[in-house]
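Since the structure comes first, as structure tokens, the remarks are kept for the end.
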Amino acid sequence: MIPIAWTAPTNGAISAAVVIAPMSKPENFAEWHGKLAGKIVLVSLPGSTDEPKEAAFKRYSDGDIHDLDKYDAPQFDPDAAALRAKRRGFSLKLDAFLKAEGALGYVKRSYRDNGLVQGEGYDYLVGASPSLPGFEMAAEDYRLLVRLAKTGPAPVVELTSNARYDDSDRNAHNIVADIPGRDAKAGYVMAGGHFDSWIAGDGANDNGAGSVVVLEAARILRGLGVSPKRTIRFALWEGEEQGLLGSRAYIEQHLASRAVPAGLNGIDAYAVWPTAYPITRKPGYDELKAYFNIDNGSGKLRGLYAEQNSAAAPILKEWLSPFASMGAGSVVASKTGGTDHVFLQSIGLQGFQFIQDPLDYESRVHHSNLDTLDHMRPDDLRQAAVVLAGVLWAAANSDKELPRPPLPSQPVVTDPFKVADPNE
Ligand SMILES: [Zn+2]
């Protein structure tokens with residue numbers, strides 16, 4: 001069991017009987033009113049154990065990569081977005097309800113089996129973080145507690161969290177370095193990954209792996225003493241785990257701003273940012289010619305996601321071609337999400353991410369207590385650094401520029417007849 005991020009410490013051990021009170025929306029609160037005082041509340045359903053259909057560790061076959069080569073028609077469903085926004089605020093509402101009821105703390109079940117814990121929580125704003133101690137328990141242990149509570153007297157558990165928060169510096173800090181280009185008018189190409197990490201493990205794979213690949217590509221190019229036509233910029237972003245804060249700040253400072261409604265902060269601003277219109281370009285918008293992100297664990301590079309930019313695909317393929325024999329020659333149409341190229345993509349700029357062998361990243365490592373050095377693959381990382389250095393070199397010297405889509409504008413509703421499912 002680990003504390004959920006940004007929840008309050010216990011200030012010494014707290015000891016109390018558990019009560020099973022699964023809640024996932026405010027409508028569930030009434031049922032538990034008056035029944036939680038002095039208790040430790042188990043707020044998740046126990047669920048049942050997984051039957052994984054895929055191996056826990058895998059590399060992509062050529063067929064797997066072929067399956068990623070698909071174009072998805074864009075969709076815009078404002079009702080679904082509004083429902084998602086409503087759900088986002090639930091964890092703080094639950095915290096306030098439990099506190100008002102006099103509960104001592106609460107425990108959630110891990111969303112993965114096999115003893116893994118993540119402690120995910122995103123209510124990080126100063127003055128708007130949870131007031132009760134909250135924990136995430138390994139799924140098997142959680143189910144044991146639930147079984148005991150269902151069949152006999154409620155087990156008494158003891159919880160201690162020594163979480164401490166240092167709010168003395170509330171900024172995140174990006175690290176940016178350039179290999180200057182020969183032609184000041186040719187713009188720049190950039191590689192990046194986020195330098196911050198999640199709380200449960202070392203952050204070795206998310207995203208120590210991407211960070212060392214960016215650093216090593218910089219070292220390779222610098223060590224060769226070569227001079228590219230375009231500037232090559234290396235960026236290590238911070239605050240990615242709190243909603244792409246570092247890369248968003250870079251974009252807003254240098255590339256473009258969006259009309260995000262005033263008063264939206266934290267994870268709410270993250271959710272709204274890529275769909276807030278209009279987009280206002282800054283003078284630096286045209287200078288960025290390509291951005292390559294690394295943030296999918298320590299698996300070797302297999303190619304690039306073209307992010308539905310079909311016109312860019314043949315040029316990306318050409319830049320990757322020297323590395324086809326290392327398994328990194330593929331370009332697929334799919335989009336990828338969740339990390340620092342996303343906001344660049346959303347303003348129409350050429351932000352891409354590499355296809356990487358999955359290894360055990362999604363199955364076990366991402367955000368879990370297993371995100372440790374043990375799960376990094378040194379040979380994969382060496383391959384990745386070489387491929388990244390080569391692609392940057394090609395992009396920095398290419399006569400061709402990657403085509404961009406027109407500046408994105410407010411989409412029309414895809415299906416005006418659709419009724420959003422309130423239980424979705
Ligand atoms: Zn990451």
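In listed order, ligands and their atoms are each counted from 1.
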note = Near the Zn ion (ligand 1), protein N/O/S count under 2.8 Å comes to 4
task = Measure centre to centre between the rings of Trp237 and Tyr250, then say whether the value is under 6.0 Å.
result = yes
query = Does NZ in Lys86 sit with more than 12 non-hydrogen atoms of other residues, nucleotides or ligands closer than 6.0 Å?
reply = no
key: Sole candidate of Tyr270, Trp198, Trp6 that passes ring pair (Phe, Tyr, Trp, His ring centres under 6.0 Å) when paired with Tyr122   = Trp198
ask   = Counting N and O atoms only, with roles assigned by atom type, does the side chain of Asp357 sit under 3.5 Å from a partner on the main chain of Lys300, one being a donor and the other an acceptor?
value = no
key: Steps toward ring-ring contact (aromatic ring centres under 6.0 Å, His included) verdict (Phe29, Phe90)   = CA-CA 11 Å; Phe29 293 164; Phe90 178 69; 5.7 Å; yes
ask   = Just wondering, more than 12 heavy atoms not from Phe195 lying within 6.0 Å of its CZ?
value = no
